[in-house]
Amino acid sequence: MSRLASGVVLVTAQEPPLDPDDPLAPRGEDVGMTATAFVSVSLDPPLVLVSLREGSRMDDLLDEQPLWAVSVLAESQRHIAGRFAMKGRVSDRLLFADIPYVRGEATGAPLAGGALATLECRTEQRVPAGDHTLVIGRVLTASLPSADGGPLTYFRGRYRQLG
């Protein structure tokens with residue numbers, strides 16, 4: 001499968017507050033991960049799919065939190081992809097510290113500044129598939145914040161640019 005080129009996205013979500021009934025309770029931490037297994041499933045209704053490693057932090061979070069977001073990374077955002085793909089990494093709070101982002105209006109999840117496209121989603125279905133979970137989400141919002149540059153791609157185990 002390393003011979004199949006794919007786009008690179010940043011999947012993000014916000015942990016639920018510690019006490020959802022208390023409006024003053026601190027917000028949960030932002031969580032993010034790099035994904036290359038992301039596809040459009042349907043235009044009507046608008047559905048997308050992301051594949052998550054079973055038992056990963058994002059898989060566990062999206063099992064309890066149905067709202068999440070996707071930032072389609074530009075070729076200039078290789079550092080973001082690498083940062084959120086690290087194994088044994090530091091806390092997500094530190095990973096987001098110096099990355100420009102805005103919060104999605106529908107999900108509250110971080111949307112990477114400079115991304116080619118951003119989507120906010122609500123989980124419609126979770127499908128166990130081997131050692132992964134396929135998460136199908138309904139697209140709640142979609143925007144094109146940046147038209148600059150080409151997409152970041154992944155091919156033969158490395159991030160690449162088109163052209």
Side-chain angles (χ1 to χ4, degrees), residues 1-15 29-53 56-59 61-63 65-87 89 92-127 129 132-163:
M1 294 310 297
S2 69
R3 301 291 175 132
L4 177 63
S6 59
V8 182
V9 301
L10 177 64
V11 180
T12 57
Q14 187 178 70
E15 290 179 327
E29 189 172 288
D30 293 324
V31 177
M33 66 160 268
T34 302
T36 56
F38 176 78
V39 296
S40 171
V41 174
S42 169
L43 290 176
D44 187 19
L47 300 173
V48 294
L49 177 146
V50 64
S51 179
L52 307 175
R53 185 174 38 82
S56 67
R57 184 165 184 206
M58 187 63 74
D59 182 37
L61 176 56
L62 295 189
D63 192 31
Q65 159 64 285
L67 299 174
W68 46 284
V70 174
S71 299
V72 178
L73 298 180
E75 59 194 2
S76 63
Q77 295 178 308
R78 180 183 302 208
H79 64 288
I80 295 173
R83 178 181 293 191
F84 284 90
M86 288 189 302
K87 290 182 178 14
R89 62 193 198 194
D92 284 79
R93 180 177 297 120
L94 294 175
L95 294 177
F96 282 103
D98 63 346
I99 293 174
Y101 66 87
V102 298
R103 291 213 173 270
E105 290 183 25
T107 63
L111 301 169
L116 295 178
T118 59
L119 307 168
E120 292 184 272
C121 305
R122 176 185 307 277
T123 299
E124 292 262 318
Q125 188 175 2
R126 292 173 51 86
V127 180
H132 279 66
T133 303
L134 306 179
V135 179
I136 300 170
R138 180 180 294 259
V139 177
L140 304 173
T141 69
S143 65
L144 304 172
S146 177
D148 295 336
L152 181 61
T153 59
Y154 193 74
F155 179 68
R156 294 182 71 181
R158 293 181 39 212
Y159 297 114
R160 309 207 184 225
Q161 299 175 346
L162 287 182

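Position 1 is the first residue of the sequence; numbering continues from there.
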Worksheet item: Counting distance only, does the side-chain N/O of R138 pair as donor-acceptor with the main-chain N or O of E124 below 3.5 Å?
Response: no
Discussion item. With a 3.5 Å distance limit and no angle check, can you tell me whether S42 reaches the backbone of D44 through a side-chain donor-acceptor pair?
Written reply: yes
Discussion item. Whether the side chain of S6 engages the backbone of A37 through a donor-acceptor N/O pair (distance < 3.5 Å, no angle test) should be reported.
Written reply: no
Discussion item. Can you tell me how far apart CH2 (W68) and CG (L140) are? Round to the nearest 0.5 Å.
Written reply: 9.5 Å
Discussion item. Test your reading of the model: is there a side-chain donor-acceptor pair from Q77 to the backbone of G113, 3.5 Å cut-off?
Written reply: yes
Worksheet entry | Closest heavy-atom pair and its distance - I136, L49 | CG1-CD1, 3.9 Å
Worksheet item: Are the side chain of E15 and the backbone N or O of E29 linked by a donor-acceptor pair below 3.5 Å?
Response: yes
Item to complete: Could you name each residue pair satisfying salt bridge (charged side-chain N to carboxylate O under 4.0 Å, His left out) that touches residues 109-119, not counting sequence neighbours?
Response: none
Worksheet item: How many angstroms lie between atom CG of L111 and atom CD of E105, to the nearest 0.5 angstrom?
Response: 9.5 Å
Discussion item. Looking at R122, I want to see if its CZ is surrounded by more than 12 non-hydrogen atoms of other residues, nucleotides or ligands under 6.0 Å.
Written reply: no
Discussion item. Within the structure provided, determine whether Y159 and L73 are in side-chain contact (heavy-atom separation under 4.5 Å).
Written reply: no
Worksheet item: Is a donor on one side and an acceptor on the other found under 3.5 Å between the side chain of T12 and the backbone of A109?
Response: no
Worksheet, complete the sentence: When every non-hydrogen atom of A117 is compared with those of P145, the smallest separation belongs to CA-CD, 3.9 Å
Item to complete: Please confirm whether the backbone N or O of T107 pairs with a side-chain atom of E120, one donor and one acceptor, at under 3.5 Å?
Response: yes
Practice prompt. Answer yes or no: is there a side-chain heavy-atom contact under 4.5 Å between Q14 and R103?
Written response: yes
